[in-house]
2 protein chains.
Amino acid sequence: MNTRDKIVYIADRMIRDVGYNAFSYSDISEHMQIRPAAIHYHFHTKNDLGLEVIRQELERVRQFRREEGKNLSGEDQLKRLFYTFFRQSFEDQHCLMGALTPDFATFDEPMQKRIRELCGVILQWVSLCLEGERLADRMRFNGTADDRALLVISTLLSSLLLAPVIGREIFVRMADQLLEDLGAHWRVDDLGDVPEDFDDPHSYT
Amino acid sequence: MNTRDKIVYIADRMIRDVGYNAFSYSDISEHMQIRPAAIHYHFHTKNDLGLEVIRQELERVRQFRREEGKNLSGEDQLKRLFYTFFRQSFEDQHCLMGALTPDFATFDEPMQKRIRELCGVILQWVSLCLEGERLADRMRFNGTADDRALLVISTLLSSLLLAPVIGREIFVRMADQLLEDLGAHWRVDDLGDVPEDFDDPHSYT
DNA sequence: TTCCTTACTTACCAGTAAGTAAGTATTTTT
DNA sequence: AAAAATACTTACTTACTGGTAAGTAAGGAA
């Protein structure tokens, strides 16, 4: 990974760990062979870095849907989503939306716009998966798929936020309850174990 | 309201507006006839102030349950909870848990402990209300009341987090869907309008 | 009248934040 | 071989953070 991408990767993790307003360039520099000022060479302002972190996550989600997701059922795509969140619950990390929304009011317009974009893409993705599953009779729920997607995302998001407070096990409790309510025939346990090493920069979301 | 309580009130609002790590003593001082250093007279450190903000909210919830809540049905208590969150969605404010949990890793032990306490009290409260409503046949749900309380809180919490991003209307959408799923015969619309002025320091939570 | 407390103010500290400017070693292009 | 771009470092500025120290005006108690 080149320096630029490494900076973005570390910033991404920092945002998920402690929130956007609680990390600095010097925090990032401590995790790599670089001085804080060198980060300014790659990202003029912290805002630019923040924008890039969200842009890359947006791109990852879009690429997954374009390429891998194309050949996967809604169920398999949802499993991927749940697995990502499951893994993050083990790392005491939050999803980008959960980490960024509380500080939303402190961001400028371009940043807010991009968060809105990320939010829209994720909701649309989950909504389409849910609608497909309902049509295939593998899930059932009242109301629109859009509304149900909102509930799914909000449950995953808050289970990560609450995990460090209440305990890691609440992710499985909440996710399984959600799946039961949706009439799904699979549970978090079916997703497989989380590997020991967590150095791959994948995440949706 | 005396100076000390006013500081706590403003700090509370700031935490809900922009998060704990994004406000300073000078931000608070700008909202009252006082210099930043005077706040140190009342609260030696920012941590002490944070602790007091949570303590007061904890006390408010406990007092409500001890006094008013005693004579109210689970339904009326839940209505009170939903109404509080509904009102906050209009102010683009977050609940304390939603505002504090993303920064959780940056807090020291006493602070984390108190947030955990607040979280526990709220969940227990909602859980008891839900259990009562199920027994009274006014609500129905699978699984334990504790798990269902977790879902209710997480939905309310994230709807506030997402409101500034997606739009205020999502609070009503998500809350109503939640109530429908629970088999409740009431909706957010039944809670009455939110008044224009929002200067009363009540909030649970 | 003196003393002490309360509730501040002003002035300051050390530390850290984001950001800049100038210089340098290394690689790439011409 | 010279020039230029790349990827930094060192050293800095400005602004602001939480926190401290010393002083003071107002009020009540001895």
Side-chain angles (χ1 to χ4, degrees), chain A residues 1-56 99-100 102-112 114, chain B residues 1-15 17-56 99-100 102-112 114-115:
Chain A
M1 210 184 326
N2 62 29
T3 304
R4 188 190 144 95
D5 285 340
K6 196 164 181 186
I7 292 168
V8 175
Y9 175 58
I10 295 173
D12 180 284
R13 298 214 58 175
M14 290 255 171
I15 291 172
R16 294 171 194 265
D17 279 338
V18 297
Y20 184 85
N21 287 319
F23 83 93
S24 67
Y25 274 21
S26 92
D27 290 327
I28 294 179
S29 74
E30 279 170 17
H31 288 263
M32 45 196 301
Q33 245 67 327
I34 220 179
R35 302 285 122 203
I39 301 170
H40 286 285
Y41 171 77
H42 297 279
F43 300 98
H44 204 63
T45 67
K46 193 182 174 183
N47 218 321
D48 292 333
L49 175 55
L51 282 169
E52 179 63 12
V53 167
I54 308 171
R55 197 199 62 77
Q56 287 201 9
L100 291 171
D103 298 349
F104 193 75
T106 69
F107 299 144
D108 67 359
E109 245 311 311
M111 190 85 162
Q112 295 193 344
R114 197 156 293 184
Chain B
M1 211 188 319
N2 63 27
T3 304
R4 189 190 142 95
D5 285 339
K6 195 166 181 184
I7 292 168
V8 175
Y9 176 58
I10 294 173
D12 180 286
R13 297 215 58 176
M14 289 254 171
I15 291 173
D17 278 339
V18 297
Y20 184 85
N21 287 319
F23 83 91
S24 68
Y25 274 21
S26 92
D27 290 327
I28 294 180
S29 74
E30 279 169 16
H31 287 265
M32 46 196 302
Q33 245 69 328
I34 220 179
R35 300 287 121 203
I39 302 171
H40 286 284
Y41 171 78
H42 297 278
F43 300 97
H44 203 62
T45 67
K46 194 183 173 183
N47 219 322
D48 293 334
L49 175 55
L51 283 168
E52 179 63 10
V53 167
I54 308 170
R55 198 199 61 76
Q56 287 202 9
L100 292 172
D103 298 348
F104 192 75
T106 69
F107 300 143
D108 68 358
E109 246 310 312
M111 190 84 163
Q112 293 192 346
R114 197 156 293 184
I115 295 173

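These values consider heavy atoms only, across backbone and side chains, with no hydrogens, waters or symmetry-generated copies. Per chain, numbering begins at 1; letters A, B, ... match sequence-line order.
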Undergrad: Report the distance from atom NE2 of B:His40 to atom C1' of C:dC12, rounded to the nearest whole Å.
TA: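 From B:His40 NE2 to C:dC12 C1': 13 Å.
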Undergrad: Rounded to the nearest angstrom, tell me the gap between atom NZ in A:Lys6 and atom C1' in D:dC8.
TA: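 Result: 15 Å.
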Undergrad: Specify the residue among A:Phe23 and B:Ala38 whose closest nucleotide of DNA chain C lies further upstream toward the 5′ end.
TA: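 Counting from the 5' end, the first nearest nucleotide belongs to B:Ala38.
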Undergrad: Flag the pair B:Lys46 / B:Phe23 as yes when at least one side-chain heavy-atom distance between them is below 4.5 Å, and no otherwise.
TA: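 Yes, side chains in contact.
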Undergrad: Got B:Val8 and B:Phe43 here, is their nearest side-chain heavy-atom distance under 4.5 Å?
TA: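 B:Val8 vs B:Phe43: side chains touch.
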Undergrad: Please give, in whole Å, the distance from C:dC8 C1' to B:Asn2 CG?
TA: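 Value for this atom pair: 14 Å.
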Undergrad: Calculate the interatomic distance between A:Ile39 atom CD1 and C:dT20 atom P; express it in whole Å.
TA: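 Between P of C:dT20 and CD1 of A:Ile39: 15 Å.
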Undergrad: Taking only side-chain nitrogens and oxygens of A:His42, does any of them come within less than 4.0 Å of OP1 or OP2 of D:dT6?
TA: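 Indeed not, no polar side-chain atom of A:His42 lies that close.
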Undergrad: In whole Å, what is the span from the CG atom of A:Asn21 to the C1' atom of D:dG18?
TA: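 Going from CG in A:Asn21 over to C1' in D:dG18 covers 16 Å.
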Undergrad: For the side chain of B:Lys46, counting heavy atoms from C-beta on, which of C:dA18, D:dG19, C:dC8 is nearest?
TA: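 Nucleotide nearest to B:Lys46's side chain: D:dG19.
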Undergrad: Any side-chain N or O of A:Thr45 less than 4.0 Å from the OP1 or OP2 oxygen of C:dA18?
TA: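 A:Thr45 to C:dA18 OP1/OP2: no side-chain N or O under 4.0 Å.
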Undergrad: Please examine the side chains of B:Asp27 and B:Met14, heavy atoms only from C-beta on, and report whether any two atoms are closer than 4.5 Å.
TA: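 Yes, their side chains come closer than 4.5 Å.
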Undergrad: Rounded to whole angstroms, how far apart are CD1 on B:Ile28 and P on D:dC16?
TA: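 So the two atoms are 17 Å apart, to the nearest Å.
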Undergrad: Does the plane of the ring in A:His40 sit parallel, tilted or perpendicular to the ring in A:Tyr25? Use 30° and 60° as the thresholds.
TA: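 Correct class here is tilted.
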Undergrad: Within this structure, what is the CE-to-P distance between A:Met32 and D:dA7, rounded to whole angstrom?
TA: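 The answer, rounded to whole Å, is 13 Å.
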Undergrad: Less than 4.0 angstrom between a side-chain N/O of A:His44 and OP1 or OP2 of C:dA18, yes or no?
TA: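 No, outside the criterion.
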Undergrad: Choosing from D:dC8, D:dT20, C:dC8, which nucleotide comes nearest the side chain of B:Ile34?
TA: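 From the listed options, C:dC8 comes nearest.
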Undergrad: Between A:Tyr41 (OH) and D:dT9 (C1'), how many Å, whole number?
TA: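 Rounded to whole Å, this separation is 13 Å.
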Undergrad: With a 4.0 Å limit, can you tell me whether A:Ser26 has a side-chain N or O closer than that to the phosphate oxygens OP1/OP2 of C:dT16?
TA: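 No, outside the criterion.
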Undergrad: Within the 4.0 Å heavy-atom criterion, would you say A:Phe43 contacts the bases, only the backbone, or no part of the nucleic acid?
TA: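 Since no nucleic acid heavy atom lies under 4.0 Å of A:Phe43, the category is nothing.
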Undergrad: Establish, with yes or no, whether the OP1 or OP2 oxygen of C:dC8 is under 4.0 angstrom from a side-chain nitrogen or oxygen of B:Arg35.
TA: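 So the side chain of B:Arg35 is outside the cut-off, no N or O lying under 4.0 Å from OP1 or OP2 of C:dC8.
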Undergrad: Any donor and acceptor pair, going by atom type alone, linking the side chain of A:Asp103 with main-chain N or O of A:Thr106 inside 3.5 Å?
TA: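 Side chain of A:Asp103 to backbone of A:Thr106: no pair is present.
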Undergrad: Would you please confirm or rule out a distance under 4.0 Å between OP1 or OP2 of C:dC8 and any side-chain N or O of B:Thr3?
TA: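 Yes, B:Thr3 has a side-chain N/O under 4.0 Å of OP1/OP2 on C:dC8.
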